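Have a look at the structure below before the remarks.
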2 protein chains.
Amino acid sequence: MQELLAITKALSDPNRVRTLLALQGGELCVCQITELFGLAPSTISKHLSVLSHAGLVLSRKTERWVYYRLPDKSAPVVIREALDWVKKSMANTDVAAADARKLKIILKTDLTEICRRQCR
Amino acid sequence: MQELLAITKALSDPNRVRTLLALQGGELCVCQITELFGLAPSTISKHLSVLSHAGLVLSRKTERWVYYRLPDKSAPVVIREALDWVKKSMANTDVAAADARKLKIILKTDLTEICRRQCR
DNA sequence: ACTATATTTCGCCAAATAGCGAAATAATGT
DNA sequence: ACATTATTTCGCTATTTGGCGAAATATAGT
């Protein structure tokens, strides 16, 4: 029960759902997601912590950055099905499209440049 | 997005999840669910309203009672998949088993007797 | 019409949560 | 060693939410 509730609570915030959608294109570091949503780094970090605790994202630290990604096929069924459901439900929505467009621009920009904007 | 969030928010409360599981055996009226969870009728009513607003349950009023039930196959895919996911994830949990056991007893008891206990 | 009963709505309180900025932590570069 | 940078943790505030009881609503019985 707790596991399911951790997942549904994690999925009940728009910015966390948008984060999962953004990660479909591959891993992102915290400051890239921060740039995408225009929220404070601490806020994004908290959201990622909630998603991570629910098992909906995995992270990897390298150099100064922490990269978050969606779990792969080896993840528990309950997690994979939840993610598939979100992906499917949000496909072809305006929110997803707008985020994807903005993310494309962010990915073309130099990473340190993105981070500098957030951490001053 | 709003539709998905209505669903995930509805699913992020233990009593609402338990309600959905309880309805697997067929429709129940408010006072039966109230008896099952030992909460105030107004509280249960609110929970059912949230589930209903998300499309996760349907209701039917007859005589003095309002019966709530799970939607059938004709429900939107997003709803059916969410319900399947919950059912599957909660199958074989202690909570579900205990509720099922208590529900069995409640269903054997006369409906007016159940309601009288709640509404005094 | 009046009473009884099942449910919902409303007003309130306590607990949980999203947001921020500041401070702490961890890793890199000088 | 020290400064810089990316992320996290902490403390705070505003908002949301779950719970209750009382009042309102709706329906059935007398």
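What you see is a predicted model, and the numbers here were worked out from it, not measured in a lab.
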| query | Expressed in angstrom and rounded to an integer, what is the separation of A/Ile33 atom CD1 from D/dT7 atom C1'? | reply | 12 Å
| message | Tell me the interatomic distance from B/Ile114, atom CD1, to C/dT7, atom P, rounded to whole angstroms. | response | 12 Å
| query | Once you round to the nearest 0.5 Å, how far does CG of A/Asp99 lie from CZ of A/Phe37? | reply | 5.0 Å
| message | Classify A/Tyr67 by what it touches in the nucleic acid, base, sugar-phosphate, or nothing, heavy-atom distance under 4.0 Å. | response | nothing
| message | Of the options C/dC20, C/dT7, C/dA26, whose atoms approach the side-chain atoms of B/Trp65 most closely? | response | C/dT7
| message | Treating B/Thr8 as the side-chain partner and A/Leu11 as the backbone partner, does any N or O pair qualify as donor plus acceptor under 3.5 Å? | response | yes
| message | Is it the case that over 12 heavy atoms from other parts of the model lie below 6.0 angstrom from the CG atom of B/Asp110? | response | yes
| query | When you look at CD of A/Glu3, are more than 12 heavy atoms from neighbouring residues, nucleotides or ligands closer to it than 6.0 Å? | reply | no
| query | Hey, mind stepping through B/Lys88 and A/Glu81 against salt bridge (Lys or Arg N to Asp or Glu O under 4.0 Å) and telling me if it holds? | reply | CA-CA 10 Å; B/Lys88 192 172 170 184; A/Glu81 289 184 349; 2.6 Å; yes
| field | Base-contact (B) and sugar-phosphate-only (S) positions in nucleotides 11-17 of chain C, heavy-atom cut-off under 4.0 Å, - elsewhere | value | ------S
| Residue A/Arg64, side-chain heavy atoms: nucleotide from D/dT4, D/dT7, C/dG21 that is nearest | D/dT4
| query | In residues 50-59 of chain B, which residues come under 4.0 Å of DNA chain D by heavy atom? | reply | none
| Most 5' of B/Ile44 and A/Ala40 on DNA chain C, judged by nearest nucleotide | B/Ile44
| request: Using only side-chain N and O atoms of A/Tyr68, determine if any of them is under 4.0 Å from OP1 or OP2 of D/dT8. | output: yes
| Any donor-acceptor N/O pair, A/Arg80 side chain to A/Lys73 backbone, under 3.5 Å | yes
| request: Calculate the interatomic distance between A/Gln32 atom CD and D/dT7 atom C1'; express it in whole Å. | output: 14 Å
| said: With a 6.0 Å cut-off (strictly less than), is the heavy-atom count around CG of B/Asp72, excluding the residue itself, greater than 12? | reply: yes
| message | Measure CD/B/Glu113 against P/C/dT5 and give the value in whole Å, please. | response | 12 Å
| query | Any side-chain N or O of B/His47 less than 4.0 Å from the OP1 or OP2 oxygen of D/dG19? | reply | yes
| task | Could you tell me which non-hydrogen atom of A/Pro14 sits nearest to which non-hydrogen atom of B/Met1, and how far apart they are? | result | O-CE, 3.4 Å
| query | Just by modelled atom types, is the A/Trp85 backbone N or O under 3.5 Å from a matching donor or acceptor in the A/Ser89 side chain? | reply | yes
| Between D/dT16 atom P and B/Leu5 atom CG, what is the distance in whole Å? | 14 Å
| Residue mapping more 5' on DNA chain C - nearest nucleotide basis, A/Thr62 or B/Ser45 | B/Ser45
| query | Looking for any heavy atom pair under 4.0 Å, which part of the strands does A/Phe37 touch: base, sugar-phosphate only, or nothing? | reply | nothing
| When the nearest nucleotide of DNA chain D is assigned to A/Thr112 and to A/Ser49 on a heavy-atom basis, which residue is associated with the more 5' position? | A/Thr112
| task | Report the distance from atom CZ of A/Arg60 to atom P of D/dA6, rounded to the nearest whole Å. | result | 16 Å
| query | Which whole-number value in Å describes the distance from B/Leu48 CG to C/dA6 P? | reply | 16 Å
| note | Side-chain atoms of A/Val66 come closest, of C/dT8, D/dT8, C/dG21, to D/dT8
| said: Whether the side chain of B/Thr43 and the base of D/dG18 hold a donor-acceptor pair under 3.5 Å is what I'd like checked. | reply: no
| field | Candidate nucleotides C/dC20, C/dT28, D/dT8, ranked by approach to the side chain of A/Glu63 - the nearest | value | C/dT28
| query | Do side-chain atoms of A/Arg16 reach the backbone of A/His47 as a donor and acceptor pair under 3.5 angstrom? | reply | no
| Once you round it to whole Å, what is the distance between P of D/dT5 and NZ of A/Lys61? | 17 Å
